[in-house]
Structures are given as structure tokens and as C-alpha cells.
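One structure below.
Per chain, numbering begins at 1; letters A, B, ... match sequence-line order. Being a predicted model, the structure only gives us computed values, none of them experimental.
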Amino acid sequence: MNYISERAQLRQSQLADLIEEACQHLEPSSYQRDIAQQRYEGVGDWLSRSDDPLLVEIAIRLQGSVAIGTTVKPIGIAEYDVDLVAHVPDIDIAISPAMLKRQIGDRLRANGHYAPLLEEMPRCWRLNYANEFHLDITPSIPNPGCPYGGELVPDKALKSWKASNPVGYRAKFERRAKLRARIRSAFGRMVDSTIAKDSVEPYPEEMKLKGLLRRTVQIAKRHRDLEFIDDADGLAPLSIIITTLASRAYEFCVGNFTYDHELDLIVDLLRRMPNSIETHVNGTGVEWYLWNQTTVGENFCEKWNKHPERARAFFEWHGKLIADVEHFAAAEGLDDVRRLLGDVVGRSPANAALDALTARVSTARTGNRLSVSKPAGLILGTAVGATPVRGNTFFGDPR
Amino acid sequence: MRLGCRKPLTAAQQFINLRANPLSSGDGDLRAGNFTWRFDASPSPLSRVYRVRIEMAQERSPRTFVETPDLAMLADGRDLPHVYRNPTRLCLYLPGTSEWQPWMRIDQTIVPWSVLWLWYFEDWLASGEWNGGGVHPREHDQERSRPPQRRSETQ
């Protein structure tokens, strides 16, 4: 392989590494996740030790982005949301959502530790751990009418139950996320290269994408958060819409195509996201449908039919997302890379990712472990054809 | 052998080494006692490709220029860090010390240092911080309590 194509390959894998690095700055740390888990397990324990026969069998389960590994920290708010379902099996649909919610609330309030943290939300209870996270606890009961073993959760008015299936949704998402993409230049691995993978640090350092689907969902959600930062009208596309569209597009892409690089797949699947949205044209306009495939009758785009401006906002944002990711993919120069990655994921994670690169170069330089090769530029350690970088002190005219 | 006593490499020797090292593969002109060498340098696959020119006359220090792209234009009005001016050249080592001496191979010193300079330059373009360390003469004066020996060493 000549140095130009070797360089082009390295470039692609390094761009994917930067996305990986930036996403790590967007999500809660494993320490934060562990704390959250301890807290919600404690809540489940407290609920099920109730004397109330209704709550004895209750089980607390994660749902939403924390459950499927696609969380992004909210902008300008210290706490991220941990969505939980408090599921009561063996219960009749005759119980009203308001009643079950009230009983869960009563039980939480009876605990001196939880009472001061408790906040009532329209459909759920929130335990507010300042500067850490919110635990949002939504009641749920079995849905006898769902062929996929789904559940019922309160509607927004708390008047009736509506179909949902957090367990089934999570399982389906995880199955899709596990589908392996066919990538010609397997991540960071050079075919025909004299340069072994571990010598082309400062980048790879065991950095495997957490999973292209999850990372793509995180990028898209973060870009949404940035684009709609001043959104007062509820125009921002819902996370469930973004996640569902991305996961279906991912399944289609990896089932049908082979890609040269990770980033090619990311761009292609972003492009194909809208393909799963169904439309019906009726007398008054367009109706939008994105069906939850794990239950019957849950249309994630339902609100678009009352608020067509939300559909327009989705498509405008989607176009901008693709353009921004494509600009990043074409960036030339570490400065351009930093700026254009910032357009996708925000300044602070982009700066963190690029600063980490320079820090690795500087550390290797101090430790006399830096060398330079034509295709890879600066590398940690050495490689065939590479020249060590000896110690030097930059000098210059006074400024 | 004491370091200072090593025999300087001739312009022809430097030229041949530059031509042989894959890192500095490029082209140039060798004349009696001096040469010009041009090669492409890029500090990472995410970076621009820079055309670098090294000029050297026998018994003088090498001079390192970036021909393209225009560094001043990239800097967009900001003063470039760690350069000599008029004309703009990269300042890659501390003159008057053993960092670079005429017996050292340019392809193993000046060339990797210019790639390193370009890394910190692109980093500086975006962050506004020069993270590559180094000294400017004023600081150098204070630190070392002696004038920089730039004039004699770096032409």
C-alpha cells in the first residue's frame, strides 16, 4: 500500500476515534452509572418492602437511554435523567394510572430520605439528586392485549393507560446494536501496512467504538440538543424518534452494504433515518407514523400530526446534521477537525478530544517515545521507516 | 570523542541523507557547498500537507521555511509563535546549545522537529495555546542570563 492510501485509511480511523473520544465526554461515567444503579435498586427495595399488597411484587427497571447506553448529558444542566419503570405484575387493568401513581408516591414519601428529594411530574415521580441525576419513576402494568408482552403506562393526563414496551424495545435495540457492520478497513487495523496498530498511537489506545449504532444515536441526540438549545415550542425531535430511526437504518445498512470506513456507515445510516417514517396523505394534509415495533398502537410521531411544524423541524435538523457530519468527515487540519467536530457534538467535548491528542503527543515527547513516519505523522513508539523525534526546544524572535 | 569536536557533515552528505530518508522524501538542488530541499510534511493524517523547504549553506545553520499553505493566512492576523521573521522561518531548536550541531543529520533533527512544530501549530490555530513548550528570546534572557546567540547560529 502506498503512503497516500495508508494515510487515507489512518485518517478515517482517527476520525472515528475522535467521535468515540468525544462521546465518552458526553455520557455519564461508569462511576456515575454505578451510583445511579445503587440508588434505583434502593428505591425498588423500599417500594417492594411496603405493606401495600399492590406494591409487594413491584419491580424497578431501567428504561430509556440509560438502559440502552445512548445517554448524552443535557446542556447546561448538571443532572441527567435516569428513566425507570416501576412495574406491577399481576394487576388488573381496572386500576387507574392516577391511583397506582399515588400509591407509589405515598410509599416514597414515607421514607425520610426520599421525601425531600421527591417531585411530582405529570406521569411519573422524580427523585432529584442534585448535581447527579434525576430518577424518573413511571408506573406500569401488564398489557394483556399486546402480543409482544408489552406494558401499559399512564398517558400524559393520567386518565388512561397507553401501550408501551420498554423491555421489548430495549431487547430489540440491543439485538440491532450487536449486528456487526462489514467494514473493509477494520477499525484501526491496517492491511498491508508495515505499521502495526499499536504503533500508530496517539490515537487508537484500545479505543473501539462502543458500538457504531449507540455512538451514532449519541451524536444525533447531542446535535439535536445543540440545534434546539433555545427551543421553547417543543420542536426538538424526541429522543425515541431519533433512536428508533437510527436503529432501523443501522439494521438496514449493515444487512445490505459493506463500507470502506466506520464514518461512511455513520453518514449512510444518518441519511437513511427518515426511511422508516410512514406517511398517509388525507384530505387535510399528511399524517406521520413511526410505529413502535414492539407493541401495538404506539406511534412515536403522533404529535407531528397535531403539530406539523414538528415534522418540518425534524427534517430541517436532519439535513443540518448530515451536512455537519459530512463537513467533519472532510476536515483538513487539526484546527479544522476541532472546529467541525464541535459543530457536531459541541465545543467542550470536541476540545477535550483534541486536547487529549496533543497531550498524548507531549507525553510521548517528554518520555522520548515519539517518532514520526510519512503516512502516520507523529506516532508513539516506533515503526519501520519511522524517525525518532529527539529532544528540542522551540525558539524564535520576540513577539 | 567530545561532542563539540565532531566533524560537521557537508552539504552533500546532508543532501544525500535527506533524499534517502522516507520521511523527507522530496526533491532539491545541491550546489557547491549549499543546497535546497523540499518535501511534504504532515503531523497527522488529519492534518494539512505542508510543503517545507530547507536551505543550508556549508558552515551555517539550516533554515526551514513552510512554502504552502501560507502560515500567516492560516493564522488570520495573529503573530505566529516560535518563528524567526523576515523571512518567516521555523525556530526548531535552542541555538547555542547542543540541541543541533553541524555534525547532526538534518533528516533526523530538523525534519522531525518541523513535523512536531506543525502539530503544535495546528493545535495553536484552534486552541490559541502553544502547547509545544520552548522559549522566546526575552524569556530566554531571563532564564539563562545571557543573550541569545541566534545571529551567529541560525543564519
Side-chain angles (χ1 to χ4, degrees), chain A residues 3-4 6-15 17-18 194 200 202-203 328 331-342 347 350-351 354-355 357-359 361-362 364-366 370-379 384-399, chain B residues 21-25 40-49 69 74 79-86 89-95 97 99-100 104 107-109 111-113 115-127 129-140 148 150 154:
Chain A
Y3 110 83
I4 291 177
E6 188 169 341
R7 183 179 146 90
Q9 288 228 11
L10 280 168
R11 175 188 151 72
Q12 290 294 331
S13 79
Q14 290 178 1
L15 287 171
D17 285 341
L18 282 174
T194 51
V200 295
Y203 304 87
F328 167 67
E332 215 178 291
L334 293 169
D335 48 313
D336 246 11
V337 168
R338 182 186 290 251
R339 184 171 58 82
L340 296 168
L341 180 60
R347 299 281 154 247
N351 286 339
L354 270 296
D355 287 347
L357 284 190
T358 291
V361 164
S362 295
R365 183 182 174 211
T366 312
L370 196 63
S371 44
V372 55
S373 84
K374 190 85 173 177
L378 296 170
I379 58 177
V384 177
T387 300
V389 181
R390 297 183 193 198
N392 72 321
T393 310
F394 292 113
F395 190 57
D397 283 344
R399 294 212 233 162
Chain B
N21 191 332
L23 182 63
S24 49
S25 64
D40 286 339
S42 189
S44 83
L46 302 176
S47 299
R48 297 176 189 83
V49 174
L74 290 172
D79 280 346
L80 291 170
H82 294 289
V83 290
Y84 298 123
R85 296 172 210 289
N86 303 316
R89 289 152 290 148
L90 310 188
C91 296
L92 301 171
Y93 61 92
L94 200 58
T97 67
E99 282 186 355
W100 191 84
M104 292 180 176
D107 66 302
Q108 293 180 349
T109 52
V111 170
W113 292 339
V115 177
L116 188 63
W117 190 97
L118 289 166
W119 176 290
Y120 289 115
F121 168 71
E122 288 192 340
D123 185 59
W124 170 82
L125 278 178
S127 71
E129 302 264 333
W130 177 268
N131 287 304
V135 291
H136 278 111
R138 212 165 294 146
E139 311 153 35
H140 183 61
R150 177 170 57 81
T154 56

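With rounding to the nearest 0.5 Å, the separation of CG in A/D336 from CG in B/L46 is 11.0 Å. Distance check: A/N392 CG to B/Y93 OH gives 11.0 Å after rounding to the nearest 0.5 Å. Going from atom CG of B/L90 over to atom CZ of A/F395 covers 14.5 Å, rounded to the nearest 0.5 Å. Between the CH2 atom of B/W100 and the OG1 atom of A/T393 there is a distance of 15.5 Å, given to the nearest 0.5 Å.
Between the side chain of B/W113 and the main chain of A/R390, a donor-acceptor pair closer than 3.5 Å is present. Remark: the backbone N or O of B/A41 is not paired with any side-chain donor or acceptor of A/K374 at under 3.5 angstrom. Proximity of a side-chain donor or acceptor of A/R7 to a complementary backbone N or O of B/S44 within less than 3.5 Å is detected.
Taking chain A as the reference chain and counting heavy-atom pairs below 4.5 Å, the highest number among B/L74, B/N131, B/L116 is found for B/L116. For the options B/L125, B/L92, B/V115, heavy-atom pairs under 4.5 Å to chain A are most numerous at B/L92. Contacts with chain B were tallied for A/G333, A/G385, A/G377, A/A331; A/G333 has the most, counting heavy-atom pairs under 4.5 Å. No other option in A/T358, A/V372, A/V389 has as many heavy-atom pairs under 4.5 Å with chain B as A/T358. Contact count versus chain A (heavy atoms, under 4.5 Å) is highest, among B/L118, B/V111, B/V83, for B/V83.
If you measure heavy-atom distances from B/S42 to chain A, the contacts under 4.5 Å come from both the backbone and the side chain. Heavy-atom distances place the side chain of B/E99, and not its backbone, under 4.5 Å from chain A. For chain B, the nearby part of A/V337 is the side chain; its heavy atoms alone come within less than 4.5 Å.
Taking 4.5 Å as the limit, every side-chain heavy atom of A/T387 sits out of range of all side-chain heavy atoms of B/D107. The shortest side-chain heavy-atom distance between A/R338 and B/D123 falls under the 4.5 Å cut-off. Residues B/F121 and A/L334 fail the side-chain proximity criterion, which asks for heavy atoms closer than 4.5 Å.
Here the closest heavy-atom approach between residue B/Y120 and residue A/S362 is recorded as OH-OG, 2.6 Å. Taking all atoms of both residues into account, the shortest heavy-atom contact from A/G396 to B/Y84 is CA-CE2, 4.1 Å. Across all their heavy atoms, B/P45 and A/P375 have their closest contact at CG-O, 3.8 Å. Between A/D335 and B/E122 the shortest heavy-atom distance is CB-O, 3.5 Å.
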